[in-house]
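Protein chains get the first letters and strands the later ones, always in sequence-line order, with residue 1 at the start of each.
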Amino acid sequence: MDMNWIKTLKSLQQPSCNVAPRLLGCELERTFGNKTVRVRIVETEAYSQTDAASHSYKGRTPRTDIMFGPAGHLYVYFTYGMHYCCNVVTGLEGEGAAVLIRAVEPLEGENILETQRRVQGISLTNGPAKLSQALGIDKQLNGHDLSLSPLKLVLRPPLEANMITTTTRIGISQAKDVPWRFYISDSPYVSKK
DNA sequence: AGCGGGATTTTCT
DNA sequence: GAAAATCCCGCTT
């Protein structure tokens, strides 16, 4: 295991509400054969086991199993009959915690994202199901180790707190008042302001 | 710009 | 059997 990833893991083995803002500005690197796509994370939400809005709230099930596993793996879920969304698992093993990636900005290989999505511009990656489709993420990558190809998480230096907006989460019916949504204030790719 | 409904299937009650 | 960590389209203003 390389040194950079050990450092990454250390920052992920913490409560999801600490990790979620930490992931802003970090990158995802997706490879398709010899082609590379890089994106920058600009919006996240934290979910934890004691949180009524979380899939892990009612305990470990076949669906949420990955959330309870080691940090630094990918939790992918299927919802509304047609969409995949992806999360970075956080916390210690046995804790059901993860950070939902809600929006990213293209950095490299935008044309490949466009091929997956069949749209252009902001709506390419400004939502959790949109970015998952753009990056070709589905159930096959559920449980994937994010230190490995074809999908890697690359940590970047933490952003200044004054660049980040903190709000309540989107699309949930429980724990609506918990302020666990974080986004880079000036990013045009944020799903909703 | 904002609202309302339909798509479509896994998951748990 | 109902709800779901969503998206897209069409309608109204």
Side-chain angles (χ1 to χ4, degrees), chain A residues 12 14-24 26 28 39 41-69 71-91 95-106 113-144 146 151 153 164-184 187-193:
Chain A
L12 298 179
Q14 297 182 51
S16 54
C17 55
N18 294 349
V19 177
R22 174 69 187 88
L23 287 180
L24 297 177
C26 298
L28 288 171
V39 298
I41 298 171
V42 299
E43 180 182 351
T44 58
E45 282 179 0
Y47 289 89
S48 84
Q49 203 172 342
T50 54
D51 161 24
S54 174
H55 292 165
S56 59
Y57 183 62
K58 292 183 177 166
R60 198 167 185 160
T61 66
R63 177 205 203 186
T64 61
D65 190 55
I66 299 299
M67 272 185 94
F68 289 80
H73 287 231
L74 192 72
Y75 166 52
V76 181
Y77 68 87
F78 185 73
T79 193
Y80 290 105
M82 57 176 81
H83 300 301
Y84 293 99
C85 297
C86 60
N87 300 249
V88 175
V89 175
T90 74
E95 293 174 32
V99 172
L100 173 67
I101 308 299
R102 283 198 58 90
V104 301
E105 281 177 10
L113 298 174
E114 288 169 355
T115 305
Q116 305 275 334
R117 280 277 295 149
R118 299 183 183 174
V119 299
Q120 294 184 5
I122 299 292
S123 67
L124 209 47
T125 53
N126 67 340
K130 297 179 191 178
L131 72 90
S132 297
Q133 183 184 28
L135 291 170
I137 293 172
D138 63 16
K139 206 83 188 206
Q140 290 203 322
L141 283 172
N142 190 31
H144 173 73
L146 289 170
L151 181 64
L153 172 65
I164 299 175
T165 300
T166 303
T167 66
T168 53
R169 295 170 293 181
I170 291 186
I172 54 172
S173 54
Q174 304 287 312
K176 285 181 174 171
D177 53 338
V178 177
W180 280 1
R181 174 169 174 252
F182 307 89
Y183 63 84
I184 299 179
S187 172
Y189 282 84
V190 169
S191 66
K192 196 178 168 198
K193 300 211 180 180

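Residue-level contact check: A:Ile172 touches the backbone only, with heavy atoms under 4.0 Å from sugar-phosphate atoms and none from bases. If you check every strand for non-hydrogen atoms under 4.0 Å, A:Arg181 touches nothing. Across all strands shown, A:Ala53 has heavy atoms under 4.0 Å from base atoms, whether or not it also approaches the sugar-phosphate.
Atom pair A:Ile66:CD1 and B:dT11:P shows a separation of 13 Å (rounding to whole Å applied). Rounded to whole Å, the distance from CD1 on A:Ile137 to P on C:dT6 is 16 Å. One interatomic measurement links the two molecules: NZ of A:Lys58 to C1' of C:dA2, which rounds to 12 Å at whole-angstrom precision. Between A:His55 atom NE2 and B:dT10 atom P there is a gap of 15 Å when expressed in whole angstrom units. Taking atom CZ on A:Arg60 and atom P on B:dC12, their separation rounds to 13 Å, with Å as the unit. Separating the CG atom of A:Leu124 from the C1' atom of C:dC8 is a distance of 15 Å, rounded to the nearest angstrom. Regarding A:Gln133, its CD atom lies at a distance of 10 Å from the C1' atom of C:dC7, rounded to whole Å. The distance from atom CZ of A:Phe78 to atom C1' of B:dT10 is 7 Å, rounded to the nearest whole Å.
Between A:Lys139 and the phosphate of B:dT9, there is no side-chain N or O to OP1/OP2 separation shorter than 4.0 Å. Within the structure, every side-chain polar atom (N or O) of A:Arg118 is placed at least 4.0 Å from both OP1 and OP2 of C:dC8. Proximity of A:Ser173 to the phosphate of C:dA4: a side-chain N or O atom is located under 4.0 Å from OP1 or OP2. A sub-4.0 Å separation between OP1 or OP2 of C:dC8 and a side-chain N or O of A:Lys130 is present. Contact check, A:Arg63 against C:dA4: no side-chain N or O comes under 4.0 Å of OP1 or OP2.
Using N1 to N3 plus N6-O4 or O6-N4 for Watson-Crick, or N1-O2 and O6-N3 for G-U wobble, each under 3.5 Å, B:dT8 pairs with nothing. Pairing for C:dG10 is with B:dC3, a Watson-Crick or G-U wobble pair whose two hydrogen-bonding atom distances lie under 3.5 Å.
By the 5.5 Å and 30° criteria, A:Tyr47 is stacked with the base of C:dA5.
Side-chain atoms of A:Asn126 never come within 3.5 Å of backbone atoms of A:Ala103 as a donor-acceptor pair (strictly under, hydrogens ignored).
Residue order along DNA chain C, read from the 5' end via each residue's closest nucleotide, puts A:Ser56 first among A:Ser56 and A:Val119.
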Yes or no on ring-ring contact (aromatic ring centres under 6.0 Å, His included) for A:His55 and A:Tyr77, after CA distance, side-chain angles and deciding distance?
-> CA-CA 10 Å; A:His55 292 165; A:Tyr77 68 87; 4.7 Å; yes
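For A:Gln14 and A:Thr90, the side-chain atoms include no donor-acceptor pair closer than 3.5 Å. If you check the side chains of A:Glu43 and A:Ser191, you find a donor sitting under 3.5 Å from an acceptor.
Comparing C:dC7, C:dA5, B:dC12 by their closest approach to the side chain of A:Pro128 singles out C:dC7.
What you find for A:Ile101 and A:Leu131 is that their closest heavy atoms are O-CD2, 3.5 Å.
Going from atom OG of A:Ser48 over to atom OH of A:Tyr57 covers 10.0 Å, rounded to the nearest 0.5 Å.
Residue A:Arg181 forms a side chain to side chain donor-acceptor pair (under 3.5 Å) with just one option from A:Thr44, A:Thr165, A:Thr167, and that option is A:Thr167.
A heavy-atom distance below 4.0 Å to DNA chain B is reached by these residues of residues 79-89 of chain A, ordered by number: A:Tyr80, A:Gly81, A:Met82.
Seen from the ring of A:Tyr47, A:Arg169 counts as a face-on cation partner, given the 6.0 Å and 45° thresholds.
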